[in-house]
Amino acid sequence: MSHDSFLSRLHPQIAQPPQVAAPEPLSRESLLADLTPPQSQAVLCTEGPLLVLAAAGSGKTRVITRRIAYLVSCGVPAWSILALTFTNKAAGEMRERVYHLIGSAEQRPVRGLTITTFHSLCARLLRRYAVPAGLKPDFTIYDTSDQTALCKKVIEGLQLSTSNFPARSVLSAISNAKNDLLDAEAFAQQVFDFSGKQIAKIYASYTKALRSANAVDFDDLLLLMAKVLKIDESVREECRRRWQYLLVDEYQDTNHAQFLIASLIAGEGDKAAKGDGAKAAGPNFCVVGDPDQAIYGWRGADISNILEFEEHYPGAKVITLGENFRSTAPILAVADGLIRHNKRRKHKDLFTSRKGGEKVEAVLCRDERHEAQLVADWLKAQSQASAEDEHEGIPWREMAVFYRTNSLSRVMEESLRGASIPYTIARGTAFYEREEVKTALAYLRVVANQADGVSLARIVNTPTRGIGGTSLDRVEVFAAPQGLTLFEAMQRAGEVPGLTPRATSAMNKFVEMVNGWTGGGTFLGAQVSHTLPELVDRIVKESGLEAMYKAQAQTSKTQTDEERLDNLAELVSSARQFELEYDISADPGSDAPFVPEAAATTAPATPPLLALLRAYLESVALVADADAVDPAQGSVTLMTLHAAKGLEFKAVAMIGLEEGLLPHSRAIGAPTDADMEEERRLCFVGITRAMRRLHMTAAKYRTIRGMSERTIPSRFLGEVPAGHMVVCDQSDTFGDVAGAQWGESGGEAESYTPAGKTALGSPRRHSTPLPGLAGEFPVGSQVRHPQFGVGTVKSVESGTNARAVIAFRDAGTKTLVLEYARLTRV
DNA sequence: AGAGGCAATTTTTTT
DNA sequence: AATTGCCTCT
């Protein structure tokens, strides 16, 4: 993949210059032309609170984009519209579609239109309102590994054992607290047991450490913004004045903090009603979501936000979009049959007017390698045109493989590579998690924010410059009582007691180097880089990072060191790309006028390079895995079920449908069935991504952490209506033979005998049929065979190798081995 | 100081 | 299987 496309995909939240000029006029008629009545209603109902319950595949994105375009066509200034999504990708896509609808010849109508993620909006607003939030505008956003490092340090600092209080689990407790808007103090009052009290202590100390590093974690972005909006009336008023129209997508996945932020910005509905004098029933607050697709309960999403929307906004209108335009009838029936098993659910009919469609396939495989092989074969079969099936052959980019956990991707990758099927893994963060990239970014973070202790610790001796742990400890002992940051103390290295002359001069040199990049903190002056890519390039070179990897590449001649150099070069071009695309007027956190119509009063106070660097680091910190999904690449997409939300593919394979995996083991032992229901929704989300073909697999044995374990097929396979499924047990066959079956278009399931089986003399085990396929085909019953079509059972034998004589309507009478003929009852 | 080796631990999903 | 932390050796 080219650098440019890779990088631009990672920064999709940046305002892209509108690309295609759509000549169509922005008339009400053209905006509503191909919408169903409920869809048009959702577009036209612009005033007051509105809840859109949009079932999977019901054209939700279409409605949202038309709605925004319609608002603009009615003369609503684009800058007063705020649309919030969950991923940058969703935001970027929405923005592009709105631009397309509005017609991009003139950029004016979309100026200041804010379509972004909650986290990104909060990060930007927190720069604008840093002071009321108790921050400085150049704060760093800590990712999970930074958080863990800091938390560990804090736990050690409190003289607690890191084995009694593992940073990871402490952080998850803190995260839960933050999602419920509990700060350390409030958390302490909620907690009575010993360990809870200790965690409260850690929480308080961790917060202090974050602030003194001028850093926030992901949850802080929401927590602090919610707090500022709640406490500071002037901030609240400024936001309300600007954003008159608020729209939240995937509302079922908002947590308490997000609800508060959205509702505080939306206000109470005292907004200017339309000229006709009709009183608004509340704020112009439109939320769109589907309770059946709520899959983020574990990170604090509160499904009652959507269920209780009408109670919060009694004047709210509710519109239901129920008709599915995406999937075939069998896929929809399977999805519906599954989700019906959730008890805590408002029933909602899924329906489509489409007819026909292939049945959903479920295959039991031998192990994960076999599974990966079968899936590769299946994908290949889908890509080939098949005359008898009237199927056109699906391009790679219209296919996807979903799995519950990331660890399942590896085997799949190997098999796709072996089959020469092009694929892309949706892991947007992967590039930024590389060792060398992380280090280079840590340099940039220190340049932007010298209080950032975690990043400083990372770079101070990489490459090695003679500043080891002992010397750093001494500096820290010197810094702590005076309340100095590590960097400030290093600037006064000469005063630190016990420091060797060698260490002192090494530190002076280091400080000098950083000051050279920042122009002594001014970011101004002739010797300071003028552009962001220049700065990144300079840092990579002057820090000695490049030299270090070059030296390693020379001596060890490993490929990874070459790759590392490439990655550093790629980072520079990522900065170049960012600088090209960054639109400061679309950044509510910038010094630009908040309400674009207002006259610019003061000149920007932030040096342009620093502003750019901040925005760049922020965009890097907020990249999501789903952001890396790129349909333009001609490849199959591999991703987690969570990342798949909001997408659609013509052909979808879901792997690992096993107890313990999907549903995940954590949900199986859970005290309530809430977790199990969320797993079921996750499976539902996966199924409903498929437009035409759906293939689900389970492996009988799976290697987990190097150990092969026997598995049980997922209960979800048993909950699905068998009439729309073709179930096939391949777990007793051998990989190459089974593989051939999908490859041949006319492969007859009952005709092949696993050649290896008798040759190797391995006894045939009687396999447990998948749940849902009881194996019952009584004489006289109607059955369906994938190749021969519908037929009537004339006679059956029982036992192993059971055969049945079936008279097919079109294909004549055949004797089939039940175990291999993929029969289903009609 | 710093690298390299061995042992212990790990069990999800993500902004 | 893979990462992390601790220990030893240079």
Side-chain angles (χ1 to χ4, degrees), chain A residues 13 84-91 116-123 141-145 147-149 152 162-163 166-169 171-172 175 178-179 216-223 250 253-255 257-258 294-301 368 402-411 426-429 433 435 461-472 500 502-503 506 552 556 618-628 639-645 656 660-670 675 678-679 681-683 685-686 702-709:
Chain A
Q13 77 279 31
L84 294 171
T85 62
F86 273 77
T87 64
N88 297 307
K89 168 150 191 292
T116 186
T117 65
F118 265 106
H119 288 269
S120 185
L121 175 78
C122 291
I141 301 170
Y142 273 4
D143 69 16
T144 317
S145 67
Q147 285 178 58
T148 315
K152 204 170 281 169
T162 44
S163 48
R168 265 184 66 123
S169 58
L171 280 170
S172 105
S175 174
K178 287 185 177 178
N179 286 329
V216 298
D217 61 22
F218 289 127
D219 300 314
D220 281 337
L221 290 173
L222 303 177
L223 176 75
E250 306 284 12
D253 283 327
T254 51
N255 64 27
Q258 287 165 324
I295 55 175
Y296 283 104
W298 53 272
R299 71 172 200 207
E368 71 279 358
F402 301 155
Y403 34 79
R404 176 65 231 266
T405 64
N406 280 303
S407 58
L408 297 193
S409 72
R410 176 156 288 143
V411 188
R427 286 223 100 205
T429 49
E433 277 164 10
E435 200 64 27
N461 208 27
T462 311
T464 56
R465 44 175 77 88
I467 307 175
T470 326
S471 307
L472 268 161
T500 63
R502 232 175 96 185
Q552 283 178 26
S556 64
E618 174 193 296
S619 79
V620 167
L622 299 178
V623 169
D625 282 348
D627 299 339
M639 66 182 123
T640 62
L641 285 161
H642 284 89
K645 192 173 68 161
L661 220 41
L662 181 66
H664 194 268
S665 50
R666 288 278 288 256
I668 292 175
D675 288 352
E678 181 154 312
E679 295 291 312
R681 290 193 293 268
L682 194 53
C683 187
V685 165
R702 188 173 294 277
T703 312
I704 298 165
R705 272 197 310 283
M707 293 269 284
S708 176
E709 282 171 21

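Worth saying up front: this structure is predicted, and the values here are computed from it rather than measured. Proteins get letters first, then strands, A, B, ... in listed order; numbering begins at 1 in each.
- The nearest whole Å value for the distance from the CD atom in A:Glu433 to the P atom in C:dT3 is 12 Å.
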Please enumerate all protein N or O atoms sitting under 3.5 Å from an N or O of nucleotides 5-8 of chain C, with distances to 0.1 Å.
residue : atom : partner  : partner atom : Å
C:dG5   : OP1  : A:Lys152 : NZ           : 2.5

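- For the side-chain contact (heavy atoms from CB on, under 4.5 Å) test, residues two or more places apart in sequence or in another chain that qualify with A:Ala503 are A:Ser471, A:Leu499, A:Thr500.
- Applying the side-chain hydrogen bond (donor to acceptor under 3.5 Å, both in side chains) test to A:Asn255 and every residue at least two apart in sequence or in another chain returns A:Asn179.
- In this structure, A:His642 and A:Tyr296 have tilted ring planes: the angle between them lies in the 30° to 60° band.
- Checked against salt bridge (Lys or Arg N to Asp or Glu O under 4.0 Å), A:Arg299 has no partners two or more places apart in sequence or in another chain.
- Among the heavy atoms of the strands, none lies under 4.0 Å from A:Ser665.
- For A:Ser407, the side-chain contact (heavy atoms from CB on, under 4.5 Å) test picks out A:Thr405, with sequence neighbours left out.
- In terms of the salt bridge (Lys or Arg N to Asp or Glu O under 4.0 Å) criterion, A:Glu368 has no residue partners (sequence neighbours excluded).
- Along DNA chain B, the stretch of nucleotides lying under 4.0 Å from any heavy atom of chain A spans, 5' to 3', B:dA1 to B:dT15.
- By the side-chain contact (heavy atoms from CB on, under 4.5 Å) test, A:Ala90 is found to be paired with A:Thr85, A:Thr87, residues two or more places apart in sequence or in another chain being considered.
- A:Asp675 pairs by the side-chain contact (heavy atoms from CB on, under 4.5 Å) definition with A:Ala667, A:Ala670, not counting sequence neighbours.
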